[in-house]
Novice: 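Handing you this structure, nothing more for now.
Naming convention: chains lettered A, B, ... in sequence-line order (proteins, then strands); numbering from 1 in each chain.
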There are 2 protein chains.
Amino acid sequence: MTSPQNIKGMRDHLPPAMLLRQHILHTLTTVFERHGFEPLGTPILEYAETLEGKLGEDEKLIYRFEDHGGRRLALRYDQTVPLARVVAQYSGQLALPWRRYAIGPSYRGERPGRGRYREFYQADADIIGSSSPLADAEIITLLTESLTTLGFTDFTTLLNHRQIIGGIARVSGLDEAAAGDVYRAIDKLDKIGSDGVREELHERGVAPAAAERILTLVQLDGSPDAVLHELGTQLHGDERATAALANLRAIIAALDAMGVPPAYYRVAPRLARGLSYYTGLVFEAITAHWPAGSLLGGGRYDELVGMFAKNSVPTVGLAFGIDRLHDVMEELGLGPRATTTAAVYVTIFSTEQVAASLTLVQELRAAGINAITALDSSSGLGKQFKEADRKGLRYALVLGPDEVAQGVVSIRDMQDGAQHSVAQTDVAAALHQMLG
Amino acid sequence: MTSPQNIKGMRDHLPPAMLLRQHILHTLTTVFERHGFEPLGTPILEYAETLEGKLGEDEKLIYRFEDHGGRRLALRYDQTVPLARVVAQYSGQLALPWRRYAIGPSYRGERPGRGRYREFYQADADIIGSSSPLADAEIITLLTESLTTLGFTDFTTLLNHRQIIGGIARVSGLDEAAAGDVYRAIDKLDKIGSDGVREELHERGVAPAAAERILTLVQLDGSPDAVLHELGTQLHGDERATAALANLRAIIAALDAMGVPPAYYRVAPRLARGLSYYTGLVFEAITAHWPAGSLLGGGRYDELVGMFAKNSVPTVGLAFGIDRLHDVMEELGLGPRATTTAAVYVTIFSTEQVAASLTLVQELRAAGINAITALDSSSGLGKQFKEADRKGLRYALVLGPDEVAQGVVSIRDMQDGAQHSVAQTDVAAALHQMLG
């Protein structure tokens with residue numbers, strides 16, 4: 001057969017990449033659990049019917065097939081529809097409000113590109129069953145702590161509210177139907193600039209004065225207080241927008257009480273974020289290091305999670321794109337630099353010394369040091385050092401007849417070739433210190 | 001629509017189950033990395049062609065479908081074929097011998113049953129590119145440490161070698177073709193007993209004297225030394241069996257040097273273990289607590305991993321069935337008992353006290369305590385205590401105007417309702433102590 005390949009758009013992760021990936025997932029898990037979020041695991045496959053009728057246009061991207069019993073199955077498209085299914089299916093076992101997180105792959109039959117894969121991992125965190133602004137603030141706090149714990153220092157979370165954009169459209173004289181066009185045009189602001197948006201609004205039949213007003217309002221900038229104050233003045237009289245501004249103020253007050261540094265967020269009335277199912281807060285974290293797009297995003301969606309249940313279930317949440325996070329962290333050099341898991345290589349001096357070396361490696365492991373041995377006891381030390389070096393291990397230990405006679409172990413630093421002896425009883429402690 | 005369900009044979013894991021699952025995976029990851037195994041991640045989908053022609057009969061269990069470009073894809077059936085693909089595809093980047101582990105789901109269109117699922121998780125650990133008995137011993141040591149670290153005390157690893165069963169068949173006068181029948185009959189020994197196997201051997205045309213000899217030899221029991229000695233006498237003259245015995249002796253000598261307690265393993269000539277692709281050592285860990293089958297198994301398979309490469313790549317490894325491990329640990333009460341991630345619930349006394357409570361919860365989190373707050377500041381303390389209790393949180397904190405005035409926090413033990421005050425500056429330290 002032709003030489004086998006992975007599927008285009010679905011990546012293999014060799015150990016160095018996996019180590020960074022596991023660091024990201026482990027860090028997010030720790031932060032999520034610190035905030036009391038609970039893990040949920042759902043199968044990667046769902047009945048196709050569960051996913052269908054929720055995605056509009058994008059439904060064509062679902063991977064669908066029939067199983068051995070002729071049932072129509074689908075690979076999950078995201079972790080939100082499975083959450084909605086679980087909330088309906090296990091309602092008796094779930095106490096709302098529920099903080100849940102979920103980490104795993106989803107699948108979309110898209111054209112692969114930079115940072116866009118057909119198999120991609122997401123880490124979702126949602127608070128289900130609460131419409132309190134404290135829940136929204138908790139999600140933004142979680143986002144901030146997740147990014148700072150991962151090592152990001154230079155990012156901003158843009159905050160907006162669906163009814164602020166709605167209000168801007170309304171006070172500019174547009175009806176609800178036209179408002180949708182406005183969102184879509186504004187969504188391209190970063191790509192096509194003010195002039196591009198102006199032109200697009202004109203094409204969609206928005207009068208020049210209205211377009212100017214919209215462009216001015218969505219580009220308001222400054223401290224959250226200043227932007228909210230100006231919006232309050234400009235959207236005065238629009239009830240829903242006024243409520244949205246009060247909601248954002250409550251969220252920001254909670255962020256303040258939780259000590260989230262104001263440098264990490266901004267009110268950005270231009271943030272549209274494909275508003276299809278969001279009903280309140282929307283947000284996106286951006287960084288200058290990734291001009292191509294946001295690091296992650298989310299918002300409040302009060303109708304989606306209840307879609308399989310009888311009642312609406314107000315929910316706010318976020319989804320980290322692990323693949324993008326991975327790519328950015330790799331570029332920025334964040335996270336561990338290790339290319340392998342072991343730090344120490346125990347050589348085997350000769351066939352007679354096998355047992356001594358095996359005993360030694362187990363002592364190191366018992367002391368919490370990740371260590372391997374040579375496997376081929378007949379190959380010489382030179383070849384074994386080469387293997388340790390090729391694998392990126394920091395130290396190689398030698399336990400020959402001389403060392404055994406003296407009760408010591410020779411430690412070779414693979415970076416400079418320096419070698420020194422340590423009493424066998426002290427070798428674990430010495431290595432701990434050398435490894436930091 | 002009808003109420004949505006998960007697919008039969010593919011499980012949802014609500015938080016209490018996920019917490020045990022994550023404990024298992026985290027423990028295995030730690031032990032694997034302690035032994036220098038490196039993580040590999042491959043997509044859950046492969047080109048169908050990569051999987052086809054390797055499974056015989058079982059190929060019909062593969063989930064197959066066409067993607068949006070008409071390519072034939074398949075959900076992976078195990079993690080071994082993807083490993084073989086990776087070894088061929090990235091040969092330039094992989095230094096052999098390579099210790100790799102992989103954790104993730106695989107898929108089989110089987111009839112679901114107790115401990116058998118259509119989506120199941122495996123944790124594989126293999127040493128690729130070494131035929132040394134030290135590699136075999138390393139895998140058995142890894143197995144033993146994995147199970148003891150998970151809390152198992154009462155298990156035995158049965159060790160055998162393909163050429164021991166082969167030798168038993170040969171010295172009983174059977175040819176290679178008949179030997180296959182013998183393996184399959186012996187494989188049922190636990191299910192159908194000696195009489196059943198005797199009958200089956202007779203039906204397959206094995207002469208009564210040969211059948212008796214086979215039954216005696218495969219049921220040899222005692223210390224590894226005694227069993228190996230007796231087999232050495234009985235299989236004397238069969239070159240391959242003699243080499244196999246020497247190989248098992250070398251593996252056991254290495255286990256001894258690595259301090260693996262002899263109580264944890266046994267030489268069991270009757271262990272057949274679906275010998276289709278194994279070429280040397282085979283093993284299975286069993287426990288009296290799970291009479292239905294083995295906890296995990298593995299062996300040496302020197303031809304499989306090289307199937308996409310030009311040369312054979314000798315490999316030995318194991319695969320933990322995470323779902324079975326999970327079920328057994330749940331039955332035995334092993335692992336953490338926590339049903340949620342948070343330990344502390346911070347109440348909100350009144351709307352005026354929101355900020356104080358939010359500040360407090362962040363202080364606790366910064367001190368490493370998993371904590372949540374009430375989200376509805378208008379509900380009374382009674383209702384909030386109820387929520388903390390329902391969620392299984394151990395302590396609820398109260399920070400009302402009195403507490404604020406006195407600079408204290410009230411800590412309520414949700415198990416007995418006892419409440420006492422602690423200075424605000426000491427609350428994290430006090431909780432650390434109370435939580436152990």
Novice: Relative to chain A, which of B/Met18, B/Arg11, B/Arg21, B/Arg85 shows the most heavy atom pairs under 4.5 Å?
Specialist: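 Heavy-atom pair counts peak at B/Arg85.
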Novice: In terms of heavy-atom pairs under 4.5 Å with chain A, which of B/Ala342, B/Pro15, B/Pro16 leads?
Specialist: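 Most pairs with chain A among the choices: B/Pro15.
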Novice: In the structure I gave you, are the side-chain heavy atoms of B/Asp256 and B/Ile252 within less than 4.5 Å of one another anywhere?
Specialist: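 They are not in contact (no side-chain heavy atoms under 4.5 Å apart), so the answer is no.
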Novice: Please classify the contact of B/Leu360 with chain A as side chain, backbone, both or neither, using a heavy-atom distance under 4.5 Å.
Specialist: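 For B/Leu360, no heavy atom lies under 4.5 Å from chain A.
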Novice: Find the one option among A/Ser132, A/Gly109, A/Ala355, A/Gly368 whose heavy-atom pairs under 4.5 Å with chain B are most numerous.
Specialist: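 Heavy-atom pairs under 4.5 Å are most numerous for A/Gly368.
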Novice: Would you mind checking which part of B/Gln362 comes under 4.5 Å of any heavy atom in chain A, side chain (CB onward), backbone (N, CA, C, O), both or neither?
Specialist: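 Answer is side chain: those atoms of B/Gln362 sit under 4.5 Å from chain A.
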Novice: Measuring heavy-atom distances to chain A, does B/Glu145 have an atom under 4.5 Å in its side chain, in its backbone, in both, or in neither?
Specialist: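 For B/Glu145, the side chain is the part near chain A, not the backbone.
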Novice: Could you measure the distance from the CG atom of B/Leu255 to the OG1 atom of B/Thr141? Nearest 0.5 Å is fine.
Specialist: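 One finds 5.0 Å between CG of B/Leu255 and OG1 of B/Thr141.
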Novice: At a 4.5 Å cut-off on heavy atoms, which part of B/Leu51 comes close to chain A: side chain, backbone, both, or neither?
Specialist: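 Neither; nothing under 4.5 Å.
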Novice: Which one, B/Tyr63, B/Phe32, B/Tyr101, leads in non-hydrogen pairs under 4.5 Å with chain A?
Specialist: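 Of the options given, most contacts go to B/Tyr63.
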Novice: Indicate the atoms forming the closest heavy-atom contact of B/Asp376 with B/Ser378, along with that distance.
Specialist: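 Reported closest heavy-atom pair: OD1-OG, 2.8 Å.
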Novice: Could you tell me which portion of B/Arg365 (side chain, backbone, both or neither) has an atom closer than 4.5 angstrom to a non-hydrogen atom of chain A?
Specialist: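 Both parts, heavy atoms under 4.5 Å.
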Novice: Can you tell me if NZ on A/Lys60 sees more than 12 non-hydrogen neighbours from other groups inside 6.0 Å?
Specialist: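 Result for NZ/A/Lys60: enclosed.
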Novice: Please tell me if the side chains of B/Arg99 and A/Ile372 come closer than 4.5 Å, counting only heavy atoms from C-beta onward.
Specialist: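 Touching, per the 4.5 Å side-chain cut-off.
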Novice: Report the option among B/Thr42, B/Leu14, B/Thr359 that has the most heavy-atom pairs separated by less than 4.5 Å from atoms of chain A.
Specialist: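 Max contact count across the listed options: B/Leu14.
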Novice: Is B/Val344 close to B/Leu393 at the side-chain level, that is, under 4.5 Å between some pair of heavy atoms?
Specialist: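 B/Leu393 does not reach B/Val344 side chain to side chain.
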Novice: Go through the atoms of B/Leu61 and report whether side chain, backbone, both or neither lie under 4.5 Å from a heavy atom of chain A.
Specialist: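 Contact with chain A involves the backbone of B/Leu61 alone.
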Novice: Looking at A/Pro43 and B/Asp12, what are the two nearest heavy atoms and their distance?
Specialist: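 So the two residues come closest at CD-OD1, 3.1 Å.
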Novice: Looking at side-chain heavy atoms only, is the closest gap between A/Leu75 and A/Ile62 below 4.5 Å?
Specialist: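 No, too far: nothing below the 4.5 Å cut-off.
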Novice: Heavy-atom pairs under 4.5 Å with chain B - which of A/Gln5, A/Arg390, A/Glu119 has more of them than the others?
Specialist: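 Looking at each option in turn, the highest pair count goes to A/Gln5.
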Novice: Rounded to the nearest 0.5 Å, what separates atom CG in B/Leu358 from atom CG in A/Leu134?
Specialist: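 Here the rounded value is 5.5 Å.
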Novice: Please flag which part of B/Ser130 lies under 4.5 Å from any non-hydrogen atom of chain A: side chain, backbone, both or neither.
Specialist: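 Contact with chain A: side chain only.
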Novice: Quick one: what part of B/Arg71 sits under 4.5 Å from any heavy atom of chain A, side chain, backbone, both or neither?
Specialist: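 For B/Arg71, the contact with chain A is made by the side chain alone.
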Novice: As an exercise: rank A/Val361, A/Ile44, A/Thr29, A/Leu19 by heavy-atom pairs under 4.5 Å with chain B and give me the winner.
Specialist: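 Highest number of heavy-atom pairs under 4.5 Å: A/Ile44.
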Novice: Tell me, side chain or backbone of B/Ala374 under 4.5 Å from chain A's heavy atoms, or both, or neither?
Specialist: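 Contact with chain A is through the backbone of B/Ala374 alone.
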Novice: Can you say whether B/Glu33 sits under 4.5 Å from chain A via the side chain, the backbone, both, or neither, judging by heavy atoms?
Specialist: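 Both parts, heavy atoms under 4.5 Å.
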Novice: From the options B/Glu52, B/Glu49, B/Glu46, select the one residue that forms a salt bridge (Lys or Arg N to Asp or Glu O under 4.0 Å) with B/Arg72.
Specialist: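 Exactly one option meets the salt bridge (Lys or Arg N to Asp or Glu O under 4.0 Å) with B/Arg72, and it is B/Glu52.
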Novice: Contact between B/Phe120 and B/Arg108 at the side-chain level, heavy atoms closer than 4.5 Å - yes or no?
Specialist: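 Contact flag for B/Phe120/B/Arg108 side chains = yes.
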Novice: Would B/Arg118 pass as a cation-pi partner of B/Tyr107, given that its NZ or CZ must be under 6.0 Å from the six-membered ring centre and within 45 degrees of the axis?
Specialist: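 Relative to the ring axis of B/Tyr107, which defines the angle, B/Arg118 lies outside at least one limit.
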Novice: Let me know if B/Phe37 has heavy atoms under 4.5 Å from chain A in its side chain, its backbone, both or neither.
Specialist: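 It is the backbone, since no side chain atom gets that close.
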Novice: Under 4.5 Å, counting heavy-atom pairs only, tell me which of B/Ser357, B/Gly36, B/Gly41, B/Ala254 racks up the most with chain A.
Specialist: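 Heavy-atom pairs under 4.5 Å are most numerous for B/Gly41.
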Novice: Name the region of B/Ile369, side chain, backbone, both or neither, that has any atom closer than 4.5 Å to a heavy atom of chain A.
Specialist: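 It is the backbone, since no side chain atom gets that close.
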Novice: So which residue, B/Met10, B/Glu66, B/His68, ends up with the most heavy-atom pairs under 4.5 Å with chain A?
Specialist: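 Looking at each option in turn, the highest pair count goes to B/His68.
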Novice: Does any backbone or side-chain atom of B/Tyr345 lie under 4.5 Å from a heavy atom of chain A? Answer side chain, backbone, both or neither.
Specialist: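 Neither part.
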Novice: Could you state the interatomic distance from OG1 (A/Thr144) to CG (A/Leu142), rounded to the nearest 0.5 Å?
Specialist: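 Atom-to-atom, A/Thr144:OG1 and A/Leu142:CG are 8.5 Å apart.
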Novice: Would you mind checking which part of B/Tyr47 comes under 4.5 Å of any heavy atom in chain A, side chain (CB onward), backbone (N, CA, C, O), both or neither?
Specialist: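 For B/Tyr47, the contact with chain A is made by backbone and side chain together.
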Novice: Would you mind telling me which of A/His26, A/Gln22, A/Arg64 has the largest number of heavy-atom pairs within less than 4.5 Å of chain B?
Specialist: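 The answer is A/Gln22.
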Novice: Specify which of A/Gly69, A/Pro97, A/Ala135 makes the most heavy-atom pairs with chain B at under 4.5 Å.
Specialist: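 Top count of heavy-atom pairs under 4.5 Å with chain B: A/Pro97.
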Novice: Do you know the tightest heavy-atom contact between A/Glu138 and A/Met258?
Specialist: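 Heavy atoms of A/Glu138 and A/Met258 come nearest at N-CE, 3.8 Å.
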Novice: Please tell me if the side chains of A/Leu399 and A/Val346 come closer than 4.5 Å, counting only heavy atoms from C-beta onward.
Specialist: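 They are not in contact (no side-chain heavy atoms under 4.5 Å apart), so the answer is no.
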